[in-house]
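Atoms considered below: every heavy atom in the structure, side chains included; atoms not considered: hydrogens, waters and symmetry mates. Chain naming here is simple, since letters A, B, ... match the order of the sequence lines and numbering starts at 1 in each. Everything quoted here is computed from the prediction, not taken from an experiment.
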Number of protein chains: 2
Amino acid sequence: MKVSTKGRYALRIMLDLAMHNSGDLVPLKDIAKRQGITLKYMEQIISPLSKAGFVQSLRGSAGGYRLARNPSEYTVGSILRVLEGPLAPTACLETDVNECPRVDSCPTISFWNGLNKVINEYVDSVTLEDLVNEETAIQSDYVI
Amino acid sequence: MKVSTKGRYALRIMLDLAMHNSGDLVPLKDIAKRQGITLKYMEQIISPLSKAGFVQSLRGSAGGYRLARNPSEYTVGSILRVLEGPLAPTACLETDVNECPRVDSCPTISFWNGLNKVINEYVDSVTLEDLVNEETAIQSDYVI
DNA sequence: ATACAATCATATAAAATCACTAGGAAAGTA
DNA sequence: TACTTTCCTAGTGATTTTATATGATTGTAT
């Protein structure tokens, strides 16, 4: 029941971009340095995010990445799903085509459905903006 | 974010025992036949449940397993945890000793804490009895 | 006492997943 | 042209998953 590093790192990358959301492009190298993740591994993580249209990119010197939308328009769930696939707790909930031969008489399916629901409702109730606001609130504690 | 077969099978075994909860001992062979799981694999799954005191066992001819308590006294979460360990979505939430060096400044920890909470609250809100009642309700549909 | 039935323990292993590392190609900027 | 940065693909060691297999131990019934 663990979220893999890819999902967790994807969230950290997107949150880093959200906290440096000036409109300028942010080189991945800078994010890697801040987050303590190797550049090469981060490239693998941001690639699907780029293909999914979650970030905009530009190559070359002064290139980098930036968010494609407003931080409030990303739920954490949507980010995790790009790297993790469906967040369903069992494989039988993932597709419309139920491959499990026991599905019609399965006494546990309603339980798994319920778990699937609470997980997805929660991860989609939190946005990048929520996390940014929380973080800046924490930082201001030090100032005060 | 998947529950492993051990956790899922453990739930099916416990539910099978709950639906054959006459007080008599149920041979594992019978459960294996009903559930379509090999006896040898089931032995590995029920062993931790036995050690955790979730089921009572008796060896020998006419031996088998039965629930140690009333079905209403088992939450699904408690069963899953025996086989899966903590159901936390990240390792940093598992122990009291936080090993992650970033924990004090981690902007995502509150999100993971929240996810951890909704998952565990849900799995502990459903009992074996709930699943049994649901199943017998479904079966009675056929009768009616 | 003996045979039988079941739990209990341990070893092995294929397959999949995880968490990276590495090399280089392509594209854009100064 | 030199440099920087993204983009693409492949490989790799470690761990986990999902079992299978063999046999020992224990208890019940006849």
Side-chain angles (χ1 to χ4, degrees), chain A residues 1-13 17 20 24-33 35-68 80 83-87 89-92 94 100, chain B residues 1-13 17 20 24-33 35-66 68 80 83-86 89-92 94 100:
Chain A
M1 274 297 275
K2 292 281 179 295
V3 173
S4 74
T5 55
K6 289 204 172 184
R8 299 198 320 272
Y9 287 3
L11 179 57
R12 283 168 62 184
I13 291 171
L17 284 173
H20 298 83
D24 293 343
L25 293 160
V26 181
L28 205 50
K29 194 169 66 175
D30 294 1
I31 305 179
K33 204 167 287 178
Q35 297 296 329
I37 307 171
T38 65
L39 179 62
K40 283 297 182 184
Y41 195 29
M42 287 194 61
E43 286 179 356
Q44 291 182 21
I45 293 161
I46 206 165
S47 173
L49 291 169
S50 183
K51 280 173 183 160
F54 279 44
V55 296
Q56 294 173 343
S57 66
L58 204 68
R59 297 186 185 191
S61 175
Y65 295 94
R66 74 179 148 216
L67 295 185
L80 294 179
L83 273 290
E84 298 272 328
L87 299 178
T90 65
C92 65
E94 286 192 348
C100 178
Chain B
M1 273 298 273
K2 292 282 179 294
V3 173
S4 75
T5 55
K6 291 207 170 181
R8 298 199 320 274
Y9 288 1
L11 178 57
R12 284 168 60 184
I13 291 171
L17 285 173
H20 299 84
D24 292 345
L25 292 160
V26 181
L28 205 51
K29 194 169 67 176
D30 294 2
I31 305 179
K33 204 167 287 178
Q35 298 295 329
I37 307 170
T38 65
L39 179 64
K40 282 300 180 186
Y41 196 29
M42 286 194 62
E43 287 179 356
Q44 290 181 30
I45 293 161
I46 207 165
S47 172
L49 291 169
S50 184
K51 281 174 182 159
F54 279 44
V55 296
Q56 293 174 344
S57 67
L58 205 69
R59 297 187 184 193
S61 176
Y65 294 94
R66 74 179 151 217
L80 293 179
L83 273 291
E84 299 272 326
T90 64
C92 64
E94 286 193 347
C100 178

Protein proximity profile, nucleotides 24-30 of chain D - base contact B, sugar-phosphate-only contact S, no contact -, cut-off 4.0 Å on heavy atoms: -BBBB--
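Residues Leu17(A) and Tyr65(A) share a closest heavy-atom pair of CD2-O, 3.6 Å. In terms of heavy atoms, Met42(A) sits closest to Ala32(A) at SD-CA, 3.3 Å. Here the closest non-hydrogen pair linking Lys29(A) and Leu39(A) is N-CD1, 3.8 Å. When all heavy atoms of His20(B) and Val26(B) are compared, the closest pair comes out as O-CG2, 3.8 Å. Considering all non-hydrogen atoms of both residues, Asp24(B) and Arg66(B) come closest at O-CB, 3.9 Å. In this structure, Glu84(A) and Met1(B) approach most closely via the heavy-atom pair OE1-N, 4.3 Å.
One can find a donor-acceptor pair under 3.5 Å joining the base of dT20(D) and the side-chain atoms of Gln44(B).
Dashed line: the shortest gap from a side-chain N or O of Thr38(B) to OP1 or OP2 of dA19(D) is not under 4.0 Å. Considering only side-chain N and O atoms, Tyr65(A) lies under 4.0 angstrom from the phosphate OP1 or OP2 of dC7(D). The shortest distance between the side-chain N/O atoms of Tyr9(A) and the OP1/OP2 oxygens of dC20(C) is below 4.0 Å. For the OP1/OP2 pair of dG28(C) and a distance below 4.0 Å, the side-chain nitrogens and oxygens of Ser57(A) include no atom meeting the criterion.
In this structure, the separation between CZ on Arg12(A) and CZ on Arg8(A) is 8.0 Å, given to the nearest 0.5 Å.
Leu39(B) has its CG atom 12 Å from the P atom of dC8(C), to the nearest Å. The nearest whole Å value for the distance from the NZ atom in Lys6(A) to the C1' atom in dC20(C) is 9 Å. Atoms CZ (Arg12(B)) and P (dT18(D)) sit 13 Å apart, rounded to a whole Å. In this structure, CZ of Arg8(B) is placed 13 Å from C1' of dA19(D), rounded to the nearest angstrom. The interatomic distance linking Leu25(A) (CG) with dT29(C) (C1') rounds to 12 Å, in whole Å. Distance Ile37(B) CD1 to dA19(D) P: 9 Å, rounded to the nearest Å. Distance Met42(B) CE to dT20(D) P: 13 Å, rounded to the nearest Å. For the pair Lys33(B) NZ and dA6(C) C1', the computed distance is 14 Å after rounding to whole Å.
Heavy atoms of Lys29(A) sit under 4.0 angstrom from primed sugar atoms or phosphate atoms, though from no base atom. Counting non-hydrogen atoms under 4.0 angstrom, Leu28(A) reaches the backbone sugars and phosphates but no base.
Ala68(A) is linked by a side-chain contact (heavy atoms from CB on, under 4.5 Å) to Gln56(A), Tyr74(A), counting only residues two or more places apart in sequence or in another chain.
A heavy atom closer than 4.0 Å to some atom of DNA chain D occurs in Lys51(A), these being the qualifying members of residues 48-56 of chain A.
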Can you check side-chain contact (heavy atoms from CB on, under 4.5 Å) on Ile13(B) and Gln35(B), steps first, answer last? CA-CA 8 Å; Ile13(B) 291 171; Gln35(B) 298 295 329; 5.6 Å; no
Determine, stepwise, if the pair Leu83(B) / Leu49(B) fulfils side-chain contact (heavy atoms from CB on, under 4.5 Å). CA-CA 8 Å; Leu83(B) 273 291; Leu49(B) 291 169; 4.0 Å; yes
